[in-house]
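Below, read A as the first sequence line, B as the second, and so on, with proteins coming before strands; counting in each chain starts at 1. Quick caveat, the model's predicted, so the values are computed rather than measured. Hydrogens, waters and symmetry mates are skipped; everything else that's a heavy atom, side chains included, is used.
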2 protein chains.
Amino acid sequence: MINQYKNEDKTLLAVDCIIFGFDNEELKLLLIKRDFEPEKGKWSLMGGFLKQNETLNEAASRVLTHLTGLHDVYMEQLYSFSELDRDPVERTISVAYFALINLNDHDKELTESHSAKWFSLKDMPKLIFDHDAMVQHAIRRLRYRTATQPIGFELLPEKFTMRQLQKLYEAIYDQTLDKRNFTKKINGMDLLLRLDEKDMTSSKKGSYLFKFDEQKYKEKVMDGFSFKV
Amino acid sequence: MINQYKNEDKTLLAVDCIIFGFDNEELKLLLIKRDFEPEKGKWSLMGGFLKQNETLNEAASRVLTHLTGLHDVYMEQLYSFSELDRDPVERTISVAYFALINLNDHDKELTESHSAKWFSLKDMPKLIFDHDAMVQHAIRRLRYRTATQPIGFELLPEKFTMRQLQKLYEAIYDQTLDKRNFTKKINGMDLLLRLDEKDMTSSKKGSYLFKFDEQKYKEKVMDGFSFKV
DNA sequence: TCAAAAGTGTTCACCGTACACCCATGG
DNA sequence: CCATGGGTGTACGGTGAACACTTTTGA
């Protein structure tokens with residue numbers, strides 16, 4: 001009696017990862033094509049089952065690293081989904097996580113070997129089970145987070161231009177922003193360092209590269225419920 | 001193979017409820033004294049195990065109704081806690097929920113029969129396991145929610161004065177607010193109806209009673225991830 | 001008549017938004 | 001020399017914050 005909660009039901013627990021990336025134009029999602037039944041051949045979020053000896057955060061990290069080869073990725077627990085019939089095979093509770101990764105430096109071969117593919121948010125197949133609802137919830141959370149904390153930088157390479165950052169925010173909020181107001185607002189955050197380097201690929205004049213100030217960034221972003229894999 | 005996820009670990013799943021109430025002075029929390037080991041005699045959140053045939057929301061509702069006798073209560077899923085040793089008896093994942101109830105109309109005998117007691121947030125015993133962390137998280141979420149959605153009314157009786165509402169917000173944010181600015185802001189929300197009645201218990205002059213406009217309220221508060229028990 | 005709580009309006013600072021022109025350079 | 005994208009400042013309206021006096025009436 002003291003050593004066990006006898007007679008209580010145990011349940012299968014999964015984690016599913018909503019993995020966001022940004023290609024300098026659009027916000028993208030990493031999806032995999034299921035190679036097993038049910039719903040074989042359909043697209044879904046990357047997921048996995050929770051093991052006895054790991055926390056949910058660890059399980060989500062494991063799933064993400066397994067698929068992308070990346071470490072040190074921003075992740076955050078989203079919500080737990082528990083409809084009785086959400087998985088037709090067997091009753092499974094799924095805890096959704098979202099991750100923000102820099103599209104350029106993830107391991108493309110690794111994702112390809114998992115039949116994974118990046119999809120634009122606007123051009124996404126219907127997903128299995130309740131994964132579409134998870135994605136909707138993740139987009140809302142991402143908008144809220146980026147409005148209050150500067151986590152948007154997680155989606156960019158180390159050095160980036162003000163225009164890249166602006167396009168990222170435009171993709172997240174799905175609306176265009178004024179260049180001058182955007183610059184003013186970002187500078188007001190006092191988080192960016194302007195480098196002497198310029199990026200010459202996007203225009204003839206070239207545009208300044210920035211990186212963000214790790215120190216100030218960490219003070220502002222850490223709230224105890226996000227973590228790095 | 002198609003009918004079952006064989007060889008995957010199953011886990012005990014619990015829900016724990018952070019139940020907020022307001023007594024016109026302070027924000028309070030409903031806690032229970034554990035009458036079983038381990039930690040017998042210590043204070044904890046009200047919880048219960050998830051059953052095979054119910055969703056997490058349903059489990060949270062069941063636990064809440066069992067303790068308070070109340071229905072139609074605002075509840076929202078908070079976060080899932082999964083540290084390996086969070087429950088010393090056996091590995092258990094707990095999904096925390098918070099609830100907002102009107103302190104006046106809950107069933108006092110029912111809560112007493114469960115050795116439950118209301119505690120002011122400022123005058124709270126240390127709780128078992130990771131329940132203190134759950135409470136901290138719930139307070140943060142409550143502040144965020146009340147800042148963006150008018151759910152504060154859930155904690156008040158049907159008719160209330162502007163001063164009561166102000167004291168509630170002061171309790172939630174743990175700071176005093178300016179009477180004039182508060183009134184202006186609330187009126188700007190266009191959610192309250194001022195009644196002809198006055199409440200004469202708090203002053204000689206009496207203060208107007210308000211109730212909120214159910215119709216407009218529902219439009220603004222529903223976002224798909226809170227629910228009524 | 002006085003103590004106690006209720007009601008009410010104005011000013012100011014700051015922030016978000018709208019908006020247009022010049023600059024540097026490669027072709 | 002010109003087309004392309006990059007960089008910058010100002011004016012306005014709305015919102016949040018500070019702030020004090022009058023009203024009512026039971027005791």
Side-chain angles (χ1 to χ4, degrees), chain A residues 23-26 143-144 146-150 152 156-157 159-212 220, chain B residues 22-26 143-150 152 156-157 159-212 220:
Chain A
D23 68 352
N24 287 341
E25 287 299 330
E26 290 182 301
R143 286 178 180 166
Y144 165 61
T146 50
T148 57
Q149 297 177 339
L156 294 172
K159 300 175 184 179
F160 51 88
T161 69
M162 194 60 84
R163 277 333 109 212
Q164 273 178 286
L165 185 61
Q166 180 175 342
K167 285 207 165 173
L168 170 59
Y169 275 80
E170 289 179 335
I172 292 174
Y173 292 102
D174 193 23
Q175 63 178 347
T176 59
L177 300 170
D178 181 86
K179 196 167 49 161
R180 288 158 292 186
N181 294 337
F182 183 79
T183 306
K184 214 188 312 170
K185 179 168 179 170
I186 295 294
N187 286 333
M189 287 180 176
D190 188 33
L191 276 173
L192 288 194
L193 294 172
R194 192 173 85 171
L195 308 176
D196 286 331
E197 265 175 283
K198 282 193 163 192
D199 169 79
M200 302 306 293
T201 62
S202 64
S203 77
K204 293 160 186 176
K205 185 178 177 182
S207 57
Y208 284 109
L209 286 166
F210 293 80
K211 62 179 183 181
F212 60 88
K220 303 195 188 191
Chain B
F22 180 64
D23 68 352
N24 287 341
E25 287 299 330
E26 291 181 300
R143 286 179 181 166
Y144 165 60
R145 274 281 171 266
T146 50
T148 56
Q149 297 177 338
L156 293 172
K159 300 175 184 180
F160 51 88
T161 68
M162 193 62 84
R163 278 333 109 210
Q164 274 177 286
L165 185 60
Q166 181 175 342
K167 285 206 164 172
L168 170 59
Y169 275 80
E170 290 178 334
I172 291 174
Y173 293 101
D174 193 24
Q175 62 179 350
T176 60
L177 300 169
D178 181 86
K179 196 168 47 160
R180 289 159 291 186
N181 292 337
F182 183 80
T183 305
K184 215 186 312 170
K185 180 168 178 170
I186 296 294
N187 285 332
M189 288 180 176
D190 187 32
L191 276 173
L192 289 193
L193 295 171
R194 193 172 85 171
L195 309 176
D196 287 330
E197 265 175 284
K198 283 192 163 192
D199 169 80
M200 302 306 293
T201 62
S202 63
S203 76
K204 293 158 187 178
K205 185 178 177 182
S207 59
Y208 284 109
L209 286 166
F210 293 80
K211 62 178 183 181
F212 59 89
K220 303 195 188 193

- Message: Nearest whole Å is fine: how far is D:dG16 C1' from B:N187 CG?
- Response: 16 Å
- Item | Distance in angstrom units between A:F182 CZ and D:dG9 P, rounded | 18 Å
- Item | Euclidean distance, atom CG of residue B:D178 to atom P of D:dG16 [Å, nearest integer] | 13 Å
- Any A:R163 side-chain N or O less than 4.0 Å from OP1/OP2 of D:dG7: yes
- Whole-Å distance, A:L195 CG to D:dG6 P, equals 17 Å
- Task: Report the distance from atom CD1 of B:I186 to atom CG of B:L165, rounding to the nearest 0.5 Å.
- Result: 4.5 Å
- Query: Testing B:M162, B:R194, B:K159 for side-chain contact (heavy atoms from CB on, under 4.5 Å) with B:L209, which one passes?
  - Reply: B:K159
- Query: Between A:M200 and A:K179, which is nearer to the 5' end of DNA chain C once each is assigned its nearest nucleotide?
  - Reply: A:K179
- Minimum-distance nucleotide (side-chain atoms of A:K184 versus D:dG7, D:dG9, D:dT10): D:dT10
- Message: How many whole angstroms separate atom CG of B:D199 from atom C1' of C:dA6?
- Response: 11 Å
- Nearest to the side chain of A:R194, which nucleotide is it out of D:dT8, C:dA6, C:dG9? D:dT8
- Take the protein atom NZ of A:K185 and the nucleotide atom P of D:dG9, then report the distance between them rounded to whole Å. 20 Å
- Report, as yes or no, whether the 6.0 Å neighbourhood of atom NZ on B:K185 holds more than 12 heavy atoms from other residues, nucleotides or ligands. no
- Item | Rounded distance [0.5 Å steps], CG in A:D199 versus CZ in A:R163 | 12.0 Å
- For the side chain of B:S203, starting at C-beta, report the closest nucleotide among D:dG7, C:dG9, C:dA6. C:dA6
- Message: For a quick check of understanding: with a heavy-atom distance under 4.0 Å over all strands, which category does B:G188 fall into, base, sugar-phosphate or nothing?
- Response: nothing
- B:Q166 has an atom CD; how far is it from atom C1' of D:dA17, in whole Å? 14 Å
- Distance (rounded to the nearest 0.5 Å) between B:Q166 CD and B:T176 OG1: 8.5 Å
- Confirm from the modelled atom types if B:K205 and D:dT25 form a donor-acceptor pair under 3.5 Å, side chain to base only. no
- Item | Distance in angstrom units between A:R180 CZ and C:dA18 C1', rounded | 8 Å
